[in-house]
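Data block below; observations after.
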Amino acid sequence: MKTEPTTFSFDDLLRAPRKTTGWDGVRNYQARNFLREMKKGDTVFIYHSNTDPKAVVGIAEVVREAYPDPTQFDPKDDHHDPDSSPDDPRWSQVDVRAVEKLAHPVSLERMKTARELAGMALLQRGNRLSVLPVSEVEFRAVVKMGKSGS
DNA sequence: GCCAACGTTGGC
DNA sequence: GCCAACGTTGGC
């Protein structure tokens, strides 16, 4: 899951009550569909975009499966969607809880050099989705880099 | 600041 | 249903 740290960082998640937050504001159908596929207990990476360095910075866990994102119904919210009906909410969110900060953030640059990550969704050309799948192999590889710093 | 790679909107 | 125009994301 991508986030701009100036908006909401992994440290913000660590400081949140119960280290948990509702991952709201996703307004892309593909990304939304990935959210809806998430299961309680699924592990996720938190990735900082639009920062230097861009990197996977921590691990979190899905603690609540997809439910309607309340911000879509809030006219004062940036993510308000006047076309979404409460009877059939268009946008979903999940709740995630911080599990662990990586000792060494794994930079985008670093990930690009790792053979195991050649097919990683995050690294594919032109990908702008804020929620992306990670395979088991990719997950283990990034965690390893995050712990060893190499 | 630029621009590629999208996704969305709206005229037709 | 097509597609041009426009808006956004995010890496560089």
Side-chain angles (χ1 to χ4, degrees), chain A residues 1-16 20-38 42-62 65-96 98-135 137-150:
Chain A
M1 302 175 106
K2 292 185 200 172
T3 181
E4 298 196 19
T6 49
T7 304
F8 190 84
S9 69
F10 190 74
D11 285 335
D12 290 331
L13 184 58
L14 283 170
R15 282 192 294 265
T20 299
T21 196
W23 206 262
D24 61 22
V26 172
R27 293 294 181 272
N28 171 284
Y29 288 104
Q30 253 183 294
R32 180 205 68 183
N33 292 342
F34 286 133
L35 284 177
R36 290 183 177 176
E37 287 173 18
M38 289 179 167
D42 280 356
T43 307
V44 306
F45 283 136
I46 303 300
Y47 173 83
H48 282 176
S49 65
N50 275 326
T51 185
D52 191 21
K54 296 166 279 295
V56 172
V57 293
I59 297 170
E61 166 188 23
V62 176
E65 293 176 12
Y67 62 100
D69 175 347
T71 64
Q72 69 194 303
F73 303 123
D74 180 357
K76 293 188 295 293
D77 195 280
D78 284 347
H79 299 291
H80 179 232
D81 182 353
D83 297 329
S84 181
S85 139
D87 297 333
D88 184 21
R90 181 176 291 179
W91 305 112
S92 301
Q93 67 181 55
V94 299
D95 287 354
V96 294
V99 171
E100 180 183 10
K101 190 170 178 171
L102 292 179
H104 308 275
V106 182
S107 70
L108 179 63
E109 198 179 22
R110 172 72 185 92
M111 289 189 281
K112 282 179 175 173
T113 68
R115 280 192 135 274
E116 313 93 288
L117 303 183
M120 194 176 186
L122 177 69
L123 306 184
Q124 301 317 303
R125 185 179 176 77
N127 192 6
R128 301 178 306 155
L129 293 184
S130 59
V131 182
L132 295 161
V134 181
S135 77
V137 168
E138 291 158 1
F139 182 79
R140 279 195 294 265
V142 173
V143 169
K144 196 172 167 186
M145 293 177 224
K147 294 198 169 166
S148 69
S150 65

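Chain letters run A, B, ... following the sequence lines, proteins first and then strands; every chain starts at 1.
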TODO: Say whether A/Arg32 and A/Ser130, considering side chains only, have a donor N or O and an acceptor N or O under 3.5 Å apart.
DONE: no
- [ ] Strictly below 4.0 Å, heavy-atom distances to any atom of DNA chain C: list the hits from residues 108-117 of chain A, or just say none.
- [x] A/Leu108, A/Lys112
Task: Considering all heavy atoms, the nearest A/Leu117-A/Ala141 contact - done: CD2-CB, 4.1 Å
TODO: Inspect the contact between A/Asp81 and A/Arg90 and indicate whether a charged nitrogen and a carboxylate oxygen are less than 4.0 angstrom apart.
DONE: yes
Open item on the list: Check this for me, if you would: do A/Lys101 and A/Asp11 make a salt bridge, where the nitrogen-to-carboxylate-oxygen distance has to be below 4.0 angstrom?
Closed with: yes
Task: Residues A/Glu100 and A/Lys147 bridged, charged N to O under 4.0 Å - done: yes
TODO: Give, for atom CH2 of A/Trp23 and atom CZ of A/Phe8, the distance between the pair rounded to the nearest 0.5 Å.
DONE: 6.5 Å
Task: chain A footprint on DNA chain C, 5' to 3' - any atom under 4.0 Å from a heavy atom - done: C/dG7 to C/dC12
Task: Gap separating the CD atom of A/Gln124 from the CG atom of A/Leu132, nearest 0.5 angstrom - done: 10.0 Å
